[in-house]
Amino acid sequence: RMRHREVRLEITMEAQRRVAEDEEAARRQREARERLAAEQAERAERDAQERRRARVAAEEEEARRRSAAAAAEDRRMRTEARRRADLLAEENSRFEALYRRNRNFVAERRTEEDGI
């Protein structure tokens with residue numbers, strides 16, 4: 001009988017030890033899953049931040065490109081306006097020279113006609 005009780009006690013202790021081992025293994029698995037989930041969440045957040053940074057950088061680059069294009073168009077338009085102003089000034093000078101010649105010619109003719 002004593003031996004029977006000792007065997008039952010050993011079986012009970014062995015079962016308790018196995019239950020404790022199973023609980024410890026389950027705890028480790030749960031902790032590993034929690035760590036993995038936390039790492040995945042951190043990685044997802046880092047990826048999202050990187051995508052946001054890339055999008056902002058792309059938007060900034062696009063804004064710089066549009067600004068540069070607008071500045072180039074502004075320079076082109078000012079250059080064209082200066083060229084037109086120079087052409088008008090040149091044409092105006094030619095017109096004034098022609099006007100003076102004609103006026104002098106008319107004045108000379110009147111002088112000649114008055115002198116006759």
Side-chain angles (χ1 to χ4, degrees):
R1 271 240 147 193
M2 195 61 154
R3 177 74 184 135
H4 184 63
R5 282 186 191 154
E6 289 173 7
V7 169
R8 280 179 44 204
L9 182 60
E10 284 180 28
I11 291 172
T12 302
M13 289 174 65
E14 178 65 21
Q16 288 174 345
R17 186 184 60 74
R18 285 183 186 160
V19 167
E21 287 175 355
D22 289 348
E23 288 174 350
E24 178 66 16
R27 184 186 63 77
R28 286 186 190 137
Q29 286 178 350
R30 186 177 57 253
E31 288 174 353
R33 281 193 304 271
E34 290 170 356
R35 278 193 309 276
L36 180 61
E39 290 170 4
Q40 288 174 337
E42 288 174 16
R43 191 174 312 115
E45 179 59 27
R46 280 194 307 271
D47 290 348
Q49 287 175 351
E50 185 58 35
R51 284 191 302 276
R52 282 191 294 272
R53 279 193 290 273
R55 187 183 71 244
V56 167
E59 289 169 355
E60 289 172 349
E61 180 58 31
E62 178 63 18
R64 279 192 293 276
R65 187 193 63 71
R66 281 194 306 262
S67 177
E73 177 65 11
D74 188 50
R75 286 190 302 274
R76 187 193 66 74
M77 289 176 69
R78 279 187 270 137
T79 299
E80 181 65 21
R82 279 193 302 273
R83 187 185 68 75
R84 282 195 310 271
D86 290 347
L87 287 174
L88 285 172
E90 184 180 317
E91 188 176 315
N92 191 42
S93 294
R94 284 196 307 265
F95 176 79
E96 287 177 359
L98 182 61
Y99 176 78
R100 283 191 300 276
R101 263 197 319 245
N102 286 342
R103 190 183 62 199
N104 291 340
F105 176 76
V106 168
E108 285 176 20
R109 292 286 284 193
R110 285 187 184 151
T111 303
E112 288 176 10
E113 289 174 358
D114 289 347
I116 295 181

Report the C-alpha separation of E45 and R52 in whole Å, then their side-chain angles, then the decisive distance to 0.1 Å, and conclude whether the salt bridge (Lys or Arg N to Asp or Glu O under 4.0 Å) test is met. CA-CA 10 Å; E45 179 59 27; R52 282 191 294 272; 3.2 Å; yes
Answer whether the closest heavy-atom distance between the side chains of R33 and Q29 falls below 4.5 Å. yes
Do the charged groups of [X] and [Y] touch, with an N to O distance under 4.0 Å?
X	Y	value
R27	E23	no
R66	E62	yes
E61	R65	no
R78	D74	yes
E113	R110	no
R94	E90	yes

[atom1] of [X] to [atom2] of [Y]: how many Å apart, nearest 0.5 Å?
X	Y	atom1	atom2	result
E39	R46	CD	CZ	9.0 Å
R17	D22	CZ	CG	10.0 Å
R51	D47	CZ	CG	5.5 Å
T111	N104	OG1	CG	10.0 Å

Hydrophobic cluster (4.5 angstrom, side-chain heavy atoms) - remaining members for V106: none
Joining Ile, Leu, Val, Met, Phe, Trp and Tyr whenever any side-chain heavy atoms lie under 4.5 Å apart, the cluster holding M13 also takes in L9
In this structure, which one of M77, R83, R82, R76 forms a side chain to side chain contact (heavy atoms under 4.5 Å, CB included) with T79? R82
Within a reach of under 6.0 Å around CZ of R103, are more than 12 heavy atoms found that belong to other residues, nucleotides or ligands? yes
Given the rule in the salt bridge (Lys or Arg N to Asp or Glu O under 4.0 Å) test, do R53 and E50 qualify, once you have shown the distances and angles that lead to the verdict? CA-CA 5 Å; R53 279 193 290 273; E50 185 58 35; 3.1 Å; yes
Carefully, step by step, assess R55 and E59 under the rule side chain to side chain contact (heavy atoms under 4.5 Å, CB included). CA-CA 6 Å; R55 187 183 71 244; E59 289 169 355; 3.6 Å; yes
